[in-house]
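None of these values were measured; they are calculated from a predicted model. All values below come from the heavy atoms of this structure, side chains included, with hydrogens, waters and symmetry mates left out. Throughout, protein chains are lettered first and strands after them, A, B, ... in sequence-line order, and every chain is numbered starting at 1.
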Amino acid sequence: MKLVITEKNDAAQQIARLLCSVGKPKADKVYNTPVYRFTVDGEEWVTIGLRGHILAPDFPTELKFDKKLGWYAVSQDGEMLPADVPDGLARPPYESKRKPFLKDGIDIKGWKVPSLPYLVWAPIEKLPAEKEIIRALKNLAKKADSVVIGTDFDREGELIGSDALAMVRDVAPDVPVSRARYSAFTKAEIDHAFNNLVELDQNLADAGESRQYIDLIWGAALTRYLTMAKFGGFGNVRSAGRVQTPTLALVVERERERLAFKPEDYWVISGEAAPQGAGEEDAFKISHSAGRFADEQAAATAFAHVEGASTGTVTSVVKKSRTQRPPTPFNTTSLQAAAAAEGISPARTMRIAESLYMDGLISYPRVDNTVYPRSLDLRATVKAISGVPQYAPACRELLSREKLTATRGKTETTDHPPIYPTAAADPTKLEPAQWKLYNLIARRFLATLSDPAVIEGTKIEIDVAGEPFQASGDVLKVAGFRAVYPFGLKKDEQLPALEQGDTVDVRDMQLEAKQTEPPARYSQGKLVQEMEKRGLGTKSTRASIIERLYQVKYFKGTPSGPIEPSQLGMAIIDALHEFAPRITTPDMTSELEEDMTHVAEGADTQDQVVYHSRALLAGMLDALIEHKDDLGDAISDAVTADAKVGTCPKCGKDLVMKTSAKTRGSFIGCMGWPDCDVTYPVPSGVRVSPLEGEAAVCPECGAPRIKCQPFRQKAYEVCVNPKCPTNYEPDLKVGECSVCAAAGRHGDLIAHKSEKSGKRFIRCTNYEECGVSYPLPGRGKLEATGEVCEHCGAPIVVVQTARGPWRICVNMDCPSKEKKAASGRGRKGASSSTKKTTAKKSTSTKKSSSKK
DNA sequence: GCAAGGTC
């Protein structure tokens, strides 16, 4: 039996399909791992797909996190474990004159705790990361007569293959092994690769492994340093890495530019014009041809001329057509950028794309390629998605053409095609976000086959009282690809038909003082593109690295909108920039690439390159340890600044977000504690951020006002003091209790607000006897209607929401709500107290309806 | 409670 090992399941399937000479490959499973069996010239073949790397590099267990000792590197009796040191080079001594750091050298129950620099020189092991796959691989290897490594044709692929080979050798030391190198899933390419098998390139694999080691050593040592320099407690890791830190530095650098930006004053003169006697709809905006006046006096003089003007004369009308080329095919980066512009973060885009790929709706989503291969049948793909009604007209038009021509992007690789739709999707069967992304991909595909758009730009110049004014507008003349791909475009602006010499009405002349704006923050999409440009990360890792920077709170808030670094993020960059500058720039990646090339070419060994990197890090760590206290203070100051939500009305110190040690819940507390005992509750389930300026202090009670961002809902601002008049609502009678009425007594249903939790609810004045209570929405002004629900007899109230009034029956278990409840929304309100009323409700409903 | 790189 011949065993073929690929990097992923998809490749195992494709290779089986392409090499199988009779019939179709048989899909099978070995311990839950899919494999594909087929025969070639009477010989039995099996392909198995790995899941990327199956081994992970790590430090020996005694150097890993320990529940009692934390991240203090440990070795028994102080014995140092030797790292691999190249011949002729000595490992530098670490017991030098360094200051103790992290309980350096302390005895704990007979174990010595060495210093952090030890980690820099520690050996690294490779441990199984995908045990199930390794088990299946070994099982097949035992039975194999020969093995072919068919992982991706790149450095990581060679490493993944080399790790797989090590696993094979565990159980089959003598089985012949060769390597197939291919870069496209076509019959010709795969045939050629398997007819011209080569040896695994151990140098290339070693180069990849050096990358793994160096990333781990730098990442682990610096992360432990930053985290322990001022221990922030559980869940407060302060990470650093070859890619994430330079990425953070990009964002911080932009923020510094914004902070250093000195806005300059300028003035603009603008107004409205319209053809004589025309209506409001034909009015268009005109502005002074000088654009921005840097000199206020000059602007005032010009404005004085036109201020009272009521007419102007058209001095020229220039029309210019321009074509807009259709967009190029999507690769990972351009998809992430386009999706980010539609409000889906790169990380989310990749999660959704993965699910669409698994459902067979789109092609493989991790690609650099932006040129459709010849083997891709464009016409069949158009046909395949023409079943989606929204695309039918565009597909029909394309299918009527004799030949389909696609645009081409700059990057051409042949391993995978650009991202395109592989089947028609049913919008009703997809999650909204899935459909949004599928729609983007499908429309992009159709756009790449469509004609250019033609836009007619019009520039009108108008003389108003001797001052030159102008207006410009764009009109889509030929829709072309824009008919099917309306993303990322400006709105059309139609100017009325005017000719030179025409007189126009002029009104609303204004002189406005403005200021120049600082450079914009990075959007998610722009940052991914910038990372690619600077060689940071890969198509598969950039999205998750940005997400990581949010997770460790170096970026503020959650991934949506422009990226703003936190004080912590800025402090981290400041500190590393001073003492370990190498980790803060993309240079480390490019130098690593050079080293890798040397290893791959055999000019250097893995040990030499890793040793060199360890030595560089050791020097920087020396400087960092030297300044440990300064750095720890800077970090904790930054964390406090990030947590600040306002100023204490009692003692004037900072009010910060705190986490209760007991309940792990959040609350707002004064930094003056224990001298000052001011605390406020925080609404649960929302993300809280401070407000700035006047909005930050409650005019009624002086407590801070904060911004609350509920999950996927509109943000609102609120005073943190629950006793503040702005939060207090007088109890409101919303109806009479039907349960009490049925029992022959009187009970009023009153809406209350809990001072403690801020939660609102309705309770009967005879609650002790009838147990009637209903939950209410947390926010929105409440109004009584006096009406009762026709289904259950509970009172109807109106809640004023941001989207307008909302009429609801307060009974969460009302039969009229059953359908909605099944679909998910608002189920949480059905607390035990409402359930209590349910049983009684059925009887009361009958009684109250019989009363009518 | 460590990075970045693969992939599910």
Side-chain angles (χ1 to χ4, degrees), chain A residues 6-12 32-34 49-59 63-73 116 119-120 122 124 126 129-130 132-133 151-164 205 207-228 231-248 332 350-359 364-367 415-416 531 535-549 551-552 583 588-589 592-593 596 613 617:
Chain A
T6 68
E7 192 157 320
K8 47 187 165 279
N9 179 47
D10 177 67
N32 265 332
T33 299
L50 307 176
R51 267 194 294 210
H53 295 282
I54 54 170
L55 302 183
D58 210 342
F59 297 110
L63 295 176
K64 284 195 228 170
F65 178 79
D66 179 273
K67 271 187 189 157
K68 278 192 195 132
L69 304 174
W71 259 339
Y72 309 132
L116 183 64
L119 193 72
V120 175
I124 292 176
K126 288 189 93 171
E130 295 285 350
E132 270 289 291
I133 299 234
T151 47
D152 290 1
F153 186 11
D154 54 29
R155 192 169 61 217
E156 294 296 329
E158 211 71 11
L159 172 58
I160 290 165
S162 162
D163 287 347
E209 202 169 59
S210 315
R211 198 264 321 139
Q212 283 190 321
Y213 290 176
I214 290 169
D215 280 343
L216 176 63
I217 295 164
W218 281 74
L222 291 174
T223 299
R224 288 188 189 189
Y225 171 84
L226 292 170
T227 304
M228 306 311 287
F231 186 49
F234 186 81
N236 284 292
V237 170
R238 256 88 75 168
S239 62
R242 173 176 57 85
V243 177
Q244 62 167 265
T245 305
T247 303
L248 172 62
T332 303
M350 293 318 286
R351 281 193 289 272
I352 299 169
E354 185 67 38
S355 75
L356 292 174
Y357 165 66
M358 282 299 154
D359 290 345
Y364 190 71
R366 284 180 287 270
V367 285
D415 47 351
H416 294 284
M531 288 172 77
L536 293 172
T538 72
K539 58 188 181 291
S540 317
T541 59
R542 286 180 201 117
S544 61
I545 280 166
I546 294 176
E547 204 172 48
R548 173 88 184 139
L549 291 169
Q551 207 177 49
V552 295
I583 194 76
M588 181 163 171
T589 294
L592 182 70
E593 286 295 334
M596 297 306 96
S613 190
L617 174 61

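Taking only side-chain atoms of A:E156, from C-beta outward, the nucleotide of B:dC2, B:dA4, B:dG5 with the closest atom is B:dG5. Among the nucleotides B:dG6, B:dG1, B:dT7, the one closest to the side chain of A:K8 is B:dT7. Side chain of A:E7, nearest nucleotide from B:dC2, B:dA4, B:dG6: B:dG6. Distance from the side chain of A:E130 is smallest to B:dG6 among B:dC2, B:dG5, B:dG6. Checking B:dA4, B:dG6, B:dC2 against every side-chain atom of A:R242, the shortest atom distance belongs to B:dA4.
Between the A:R366 side chain and the A:T332 main chain, no donor and acceptor come within less than 3.5 Å of each other. With hydrogens and angles ignored, the 3.5 Å screen pairs no side-chain donor or acceptor of A:R242 with any backbone N or O of A:D215. Side chain of A:T227 to backbone of A:R224: no donor-acceptor contact under 3.5 angstrom is found.
A:N9 comes within 4.0 angstrom of sugar-phosphate atoms only, judged by non-hydrogen atoms across all strands, and of no base. As judged by a 4.0 angstrom heavy-atom cut-off over every strand, A:G52 is placed among the base-contacting residues. Across all strands shown, A:T541 has heavy atoms under 4.0 Å from base atoms, whether or not it also approaches the sugar-phosphate. Contacts of A:Q212 with the nucleic acid, taken as non-hydrogen atoms under 4.0 Å apart, include base atoms.
Note: NZ (A:K126) to C1' (B:dG5) measures 11 Å, nearest angstrom. The interatomic distance linking A:L119 (CG) with B:dA3 (P) rounds to 13 Å, in whole Å. Put simply, CD on A:E547 is 16 Å from P on B:dG5, counting in whole angstrom units. What separates CG of A:D152 from P of B:dG6 is a distance of 9 Å, to the nearest Å. The distance from atom CD of A:E354 to atom C1' of B:dG6 is 12 Å, rounded to the nearest whole Å. The distance from atom CG of A:D163 to atom P of B:dT7 is 14 Å, rounded to the nearest whole Å. Rounded to an integer number of Å, the gap from CE of A:M350 to C1' of B:dG5 is 14 Å. We find that CD of A:Q551 is positioned 10 Å from P of B:dG1, with the value rounded to whole Å.
In this view, A:E7 and A:T151, A:D152, A:I160 satisfy the side chain to side chain contact (heavy atoms under 4.5 Å, CB included) rule, not counting sequence neighbours. Partners of A:D415 by side chain to side chain contact (heavy atoms under 4.5 Å, CB included), not counting sequence neighbours, listed by chain and number: A:T413.
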Before giving the answer on side-chain contact (heavy atoms from CB on, under 4.5 Å), spell out for A:M588 and A:I214 the whole-Å C-alpha distance, their side-chain angles and the decisive distance to 0.1 Å. CA-CA 11 Å; A:M588 181 163 171; A:I214 290 169; 4.1 Å; yes
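Along DNA chain B, the nucleotide nearest A:G537 and the nucleotide nearest A:I133 are compared for position; the residue whose nucleotide lies closer to the 5' end is A:G537. The residue among A:W218 and A:Y364 whose nearest nucleotide of DNA chain B lies closer to the 5′ end is A:W218.
In this structure, A:T223 does not reach the B:dG1 phosphate: none of its side-chain N or O atoms is under 4.0 Å from OP1 or OP2. Within the 4.0 Å cut-off from OP1 or OP2 of B:dG5, not a single side-chain nitrogen or oxygen of A:S540 is found. Under 4.0 angstrom from either OP1 or OP2 of B:dG1 there lies no side-chain N or O belonging to A:T227. Within the 4.0 Å cut-off from OP1 or OP2 of B:dG6, not a single side-chain nitrogen or oxygen of A:R366 is found. The phosphate of B:dA3 has OP1 or OP2 within less than 4.0 Å of a side-chain N or O from A:R548.
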